[in-house]
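Okay, so here's the structure we're looking at.
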Amino acid sequence: MGDPLVIGGREIGSRLIMGTGGAANLSVLERALVASGTALTTVAMRRLDAGGGPGVLALLERLGIEALPNTAGCRTAAEAVLTARLAREALGTDLVKLEVIADDRTLLPDPIELLDAAEQLVDDGFTVLPYTNDDPVLASKLADAGCAAVMPLGSPIGTGLGIRNPHNIEMIVAASPVPVVLDAGIGTASEAAQAMELGCDAVLLATAVTRASDPEAMATAMRLAVESGRLARGAGRIPRRWWAQASSPAVEQDRQDRPST
Amino acid sequence: MTVLVNGVVTEVAPDATLADVLAAHGVPDRGVAVALAGEVVPRTAWASTRLRDGAVLEVLTAVQGG
């Protein structure tokens, strides 16, 4: 398409960024990734002997999908910075989805640690994509720190609650000098389309697809929704009106079959 | 002497290098990264990095997630 997503100077071939968490097995994941049309997909960094699906890197390589390592599970800036550096060494990429989580119940970002980690990683030459709260002020500070994109949540990770504060997302979009990626909370296709209609440049999702009854079908739905939402945003929606406005020509007022008054 | 590899106490030769320990653990030569005492050790330095008794190693790889 002639309207590519560009993050940190690199062209990403799809506006749907996928996660790999939650898929029942690699075969289901492969079908979902192919159906989604994604070009960039997250992986997590874990101890080598911890299991959790060896072979995901080989799968991404075979499908021609770029890996986006994340810092999931990190609670402090120091942990996230070390994890990002290990990911760069292991995968040979300077891309990182920066996550610094405050607690297990909400999985919401810790804004203080997040900004600290973002500054350190930008200084260290990373292309930083921070998972952030839907807070326009924090998003602005992350962009000022040199992040290549900002990735506000629609609602907490894995909840499928959709976009709880669309106005905040619009404010982030209106002010952001870097691409805005709606990350987390998407439950179904209409919400992915909504993110794009609000002006987001891309959508990142995992659970909505990997834990759907039919991941491959949901991945197709998400691909189409992101494309539809992007098109609708560019097409310019009509203004909302209070009263009806007829869409057919007005009828003549003196027709013979009407009773005269 | 002993070192800690991903939380497991491991007996190694007194003059063991990082490369020796990783080879003994069957660590693949790509897709992994190693931290020694909280700092990344680049792959190019594995063979020249000597370990001290009680060294703490973390060996990470990419898995499904996010």
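The sequence lines fix the lettering, A, B, ..., with proteins before strands; numbering per chain opens at 1.
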Please classify the contact of Val27(B) with chain A as side chain, backbone, both or neither, using a heavy-atom distance under 4.5 Å.
both
Measure Leu86(A) against the heavy atoms of chain B and call it side chain, backbone, both or neither at under 4.5 Å.
both
Taking the basic N atoms (NZ, or NE/NH1/NH2) and the acidic carboxylate oxygens, is any pair closer than 4.0 Å for Asp94(A) and Arg88(A)?
no
Looking at Gly21(A), Gly158(A), Ala90(A), which one has more heavy-atom pairs under 4.5 Å with chain B than the rest?
Ala90(A)
Look at Asn6(B), Val34(B), Val41(B) and state which one has the largest set of heavy-atom pairs under 4.5 Å with chain A.
Asn6(B)
Glu39(B) bridged to Arg85(A) by N-O distance under 4.0 Å:
no
Flag the pair Arg75(A) and Glu113(A) as a salt bridge only when some basic side-chain nitrogen lies within less than 4.0 angstrom of an acidic carboxylate oxygen.
no
Checking Ala58(A) against chain B: side chain, backbone, both or neither under 4.5 Å from a heavy atom?
neither
Do Arg46(A) and Leu60(B) make a side-chain contact, defined as non-hydrogen atoms from C-beta onward lying under 4.5 Å apart?
no
Using 4.0 Å as the upper bound for N to carboxylate O, is an ion pair formed by Glu66(A) and Lys97(A)?
no
What part of Leu68(A) lies closer than 4.5 angstrom to a heavy atom of chain B: side chain, backbone, both or neither?
neither
